[in-house]
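Chain naming here is simple, since letters A, B, ... match the order of the sequence lines and numbering starts at 1 in each.
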Amino acid sequence: MKDIKKKTFEVIENFSYKNAVELQKNLRKVLLKTEPIKFKSFPQLVAGCDVTFLNPYKTPTTAIASVVILNTQTLKSELITVEETEVNIPYIPTLLAFRELPVLIKVIEKTTEKLSHPIELLIVDGHGISHPRRLGIATHLGMVTGIPTIGCAKKILCGKHFKLGNKRGSISMLIHETEVIGAAVRTRTNTKPIFVSSGFKVKLPFAIKVTLKLAKYRLPEPTRLAHNSLVKYRRRLINEQSALF
DNA sequence: GCGACAG
DNA sequence: ATCTTGTCGC
């Protein structure tokens, strides 16, 4: 996957809409030749990641990313890593990955240095293949790092689904152009569903199973805790800055 | 042509 | 994605 990382940074460093879309289409072809992993047992540790920005409406700005390693038995975090990077690409629908990937790759590499084994499974805040070109950020990140990933988004990017039951565990397939691209999953009774999809090397049924097992609240614990850690980190950064004068 | 559009 | 108070419902 060394080549994929290189190509990704080439597009980011000389960014254009056309080149970004072209890379997604090429990665899609590679993905179709990739065999999913067979998980023999439920992983002991599952990672989750999220990104925030110092000023989300301004470009360039500072991107901050967090990875949480979660113990799936206790649902407690075992390790939290945060990293920062400058970003020059704005948010463009369907091209989110090009804005958030550099800081995510950085924080994942830092996390891996601290661990004795590679990350077995990673839940990403965003879509996997439930994307117009089937190449959302969760899929792209998995292909760059080689880590099996699951996409968990709070809103639909594309596709439709039938109504869900109101109870936790209710599911409805997300369909786009007659294809199943993911699922709307009710992780909490009487709460809006989230949208789960295969990212990299993980099949949809397992992605749904993991998501439901790790979701105490609306979002699965790995991504929820990653987001919480970023809220605290960002607040601290902003307080330090305003305390300077 | 128009609207929709993860974070 | 951020900011922001109270308010409603489980």
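Within the 3.5 Å criterion, the main-chain N or O of Ile147(A) finds a donor-acceptor partner in the side chain of Thr145(A). For Arg186(A) (side chain) and Gly165(A) (main-chain N/O), a donor-acceptor pair under 3.5 Å exists by modelled atom type. In this structure a side-chain-to-backbone donor-acceptor pair under 3.5 Å is missing from Thr187(A) to Leu219(A).
Atom CZ in Arg218(A) sits about 20 Å away from atom P in dG9(C), given to the nearest Å. Across the protein-nucleic acid pair, Leu54(A) atom CG and dC3(C) atom P stand 10 Å apart, rounded to whole Å. Asn190(A) has its CG atom 18 Å from the P atom of dC8(C), to the nearest Å. Between the CZ atom of Arg188(A) and the P atom of dG9(C) there is a distance of 16 Å, rounded to whole Å. Rounded to an integer number of Å, the gap from CG of Asn55(A) to P of dT2(C) is 11 Å.
A donor-acceptor contact closer than 3.5 angstrom is absent between the side chains of Lys201(A) and Thr34(A). Between the side chains of Thr62(A) and Glu86(A), at least one donor N or O lies within less than 3.5 Å of an accepting N or O.
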In sequence, state the C-alpha distance, the side-chain angles, and the governing distance for Tyr233(A) and Glu84(A), and then conclude on side chain to side chain donor-acceptor pair (under 3.5 Å). CA-CA 11 Å; Tyr233(A) 186 95; Glu84(A) 300 175 31; 2.5 Å; yes

Dot-bracket encoding per residue of DNA chain C, Watson-Crick/G-U cut-off under 3.5 Å, | denoting interstrand: ..........

Base-pair map of DNA chain B as dot-bracket, where | denotes pairing with a different strand and pairs are Watson-Crick or G-U under 3.5 Å: .......

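Applying side chain to side chain contact (heavy atoms under 4.5 Å, CB included) to Arg99(A) and the options Ile137(A), Val51(A), Thr59(A) leaves one that passes, Thr59(A).
By the 30° and 60° cut-offs, the orientation of the rings of His140(A) relative to Phe98(A) is perpendicular.
A salt bridge links Glu109(A) to Lys5(A): at least one charged side-chain nitrogen sits closer than 4.0 Å to a carboxylate oxygen. Taking the charged nitrogens against the carboxylate oxygens, Lys18(A) and Glu22(A) have no contact shorter than 4.0 Å, which rules out a salt bridge. Arg224(A) has no carboxylate O lying under 4.0 Å from a charged side-chain N of Asp50(A), or vice versa, which leaves the two without a salt bridge.
The 5' end of DNA chain C is approached more closely, in terms of each residue's nearest nucleotide, by Arg234(A) than by the other of Thr189(A) and Arg234(A).
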List, with names and distances, any nitrogen or oxygen atoms from the protein found under 3.5 Å away from nitrogen or oxygen atoms belonging to nucleotides 2-7 of chain B.
residue, atom, partner, partner atom, Å
dA6(B), OP2, Tyr91(A), OH, 2.7
dA6(B), N7, Thr94(A), N, 3.4
dA6(B), N6, Thr94(A), O, 3.0
dA6(B), N6, Leu96(A), N, 3.3
dA6(B), N1, Ile137(A), N, 3.1
dA6(B), N3, His127(A), N, 3.1
dG7(B), OP1, Lys154(A), N, 2.8
dG7(B), OP1, Lys154(A), NZ, 3.4
dG7(B), O3', Asp125(A), OD2, 3.1

